[in-house]
Novice: 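My structure is below; once you've seen it, I'll send some questions.
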Amino acid sequence: MTTLTDPPEGAFRLSMLLNDTRYRSYTFQGIALVLLISVVVYLANNVMTNLRDLGLNISYEFLGSPAGYDINQTLIGYDSQSTNLRAAFVGIINTMLVAVLACTTATFFGVIAGVLRLSNNWLVRKLMAFYVEIFRNVPVLIWIIIIFTVLTAVLPGSRAYLGAEPEKELFLGYFAFTNRGVYAPAPIWNAGSGVVIAVFIASIIGVFAYRRYAKNLLYATGKLLPTGWPTLAILIVPTVLAFFIMGQPIGLDAPDPLANRFNLKGGIQIGAPLIALWFALSIYTGAFIAENVRAGIQAVSKGQTEAAAALGLRSGRIMNLVVLPQALRVIIPPLISNYLNITKNTSLAIAVGYADITATLGGITLNQTGRAIECVLLLMLFYLVISLGISMLMNVYNNAMKLKER
């Protein structure tokens, strides 16, 4: 029963939402979310109204029309009569290819340089400091152009490798380094090759399982198992056995200097634009990762290293088993940002003619169709999805590496 002096029930609930510390933060967040949605809806409606008044309409029918242009390097089937949607997929795959390659090699360069920056050798330490300061303080676009110019100006043309007595021999009989790119053997998949690939994948899983078992055994009992030669044995021996048991089903299609008068035929060509973009992004971002690694290692107490050394562990084991696992908790958060920067910096590929998604959908397709709004929206959606995906995966790994409270 309420009296005349009691506040209405709705007012009481509103007062509780605004004043009670248990609900106040959620209340303000909900209000902010409603306001944000309202602003976005208003802006979207305003844009659609203005476009309609100008006689413009947003349509994606152009994705089904023929693209009408060629792409120099593709990983899937494509020709000039393929659709604009197919061309966009080619650009997406090319973007993902260079992003994955650059993230992998940048991590490798960064970890090596970051560890060597703390070396006791004065020369090695200064060389790594020189690498970090030079590459991270020059814009990545300049490095892309420099590396591409060096590749195209210094390396010989394809004709130097042609003929029965060429000016230059194929490196190891399989590789040709030209100003158009690198020609390398292409695998030939015959019957039974799937079994060899499956064994190889199982071997990789076995390597991780063995190394995890060795680490758990060390932590539980102090028994130190070798990891070097067992890793190589698990990785190589089963695959080699499967290769010969299945009758050598995987062959190589090597570049043939005698197949054509003007260019090398056979194998696979890794274009100079891809190499320049890949290497530039790797060494540029690797310099930033090196600083993250150095900071993460220095964040680990020296007492940890001294205690591990007192137990008789060698320096390499100390770094792998004691220092780096703890340093990863400091390294991973900025590493996520570096991976995101690599993915977004792939859009600079247009400077050297590499057909990524920005060059195809945001460049040629946009200019030919005039659908600027649609192409830009698709580009924004692609980079947003990729960036959020990388962040999600790396955050999952970061949560797995965090200290677990007991």
Novice: Between Asn179 and Leu151, is the side chain to side chain contact (heavy atoms under 4.5 Å, CB included) condition met? List the steps.
Specialist: CA-CA 6 Å; Asn179 55 9; Leu151 288 174; over 6 Å; no
Novice: Exactly one of Ile31, Ile37, Leu35 should register a side-chain contact (heavy atoms from CB on, under 4.5 Å) with Leu33. Which one does?
Specialist: Ile37
Novice: So, Asn94 side chain and Gln73 main chain: donor-acceptor pair closer than 3.5 Å or not?
Specialist: yes
Novice: Classify the ring geometry between Phe109 and Phe279 as parallel (under 30°), tilted (30 to 60°) or perpendicular (over 60°).
Specialist: perpendicular
Novice: Quick one: do the Tyr354 and Thr95 side chains pair a donor with an acceptor below 3.5 Å?
Specialist: no
Novice: Please confirm whether the backbone N or O of Leu235 pairs with a side-chain atom of Thr239, one donor and one acceptor, at under 3.5 Å?
Specialist: yes
Novice: Could you report the tightest heavy-atom contact between Ala276 and Ile147, atom names first, then the distance?
Specialist: CA-CG2, 3.8 Å
Novice: Taking atom types as modelled, find out whether Asp356 and Ser347 have a side-chain donor-acceptor pair closer than 3.5 angstrom.
Specialist: no
Novice: If you measure only the distance, is there a donor-acceptor pair under 3.5 Å linking the side chains of Ser282 and Thr105?
Specialist: yes
Novice: Using the side-chain contact (heavy atoms from CB on, under 4.5 Å) criterion, which residues pair with Gln81? Sequence neighbours excluded.
Specialist: Pro66, Asp79
Novice: Please list every donor-acceptor pair under 3.5 Å in which a side-chain atom of residues 182-207 meets a protein atom from a residue at least two apart or in another chain.
Specialist:
| residue | atom | partner | partner atom | Å |
| --- | --- | --- | --- | --- |
| Tyr183 | OH | Asn263 | OD1 | 2.9 |
| Asn190 | ND2 | Pro249 | O | 3.1 |
| Ser193 | OG | Asn190 | O | 2.8 |
| Ser203 | OG | Val199 | O | 2.9 |
| Ser203 | OG | Ile234 | O | 3.3 |

Novice: Taking everything shown except Phe177 itself, do over 12 heavy atoms lie less than 6.0 Å from its CZ?
Specialist: yes
Novice: Using modelled atom types and a 3.5 Å cut-off, is there a donor and acceptor pairing between side-chain atoms of Arg371 and backbone atoms of Thr365?
Specialist: no
Novice: Apply side chain to side chain contact (heavy atoms under 4.5 Å, CB included) to residues Thr360 and Val90 and explain how you reach the verdict.
Specialist: CA-CA 8 Å; Thr360 54; Val90 171; 5.6 Å; no
Novice: So, does Thr343 use its side chain to make a donor-acceptor pair with the main chain of Tyr339 at under 3.5 Å?
Specialist: yes
Novice: Once side chain to side chain donor-acceptor pair (under 3.5 Å) is applied, what residue pairs with a partner in residues 283-296 remain, sequence neighbours excluded?
Specialist: Arg117-Glu291, Glu291-Arg294, Arg294-Gln298
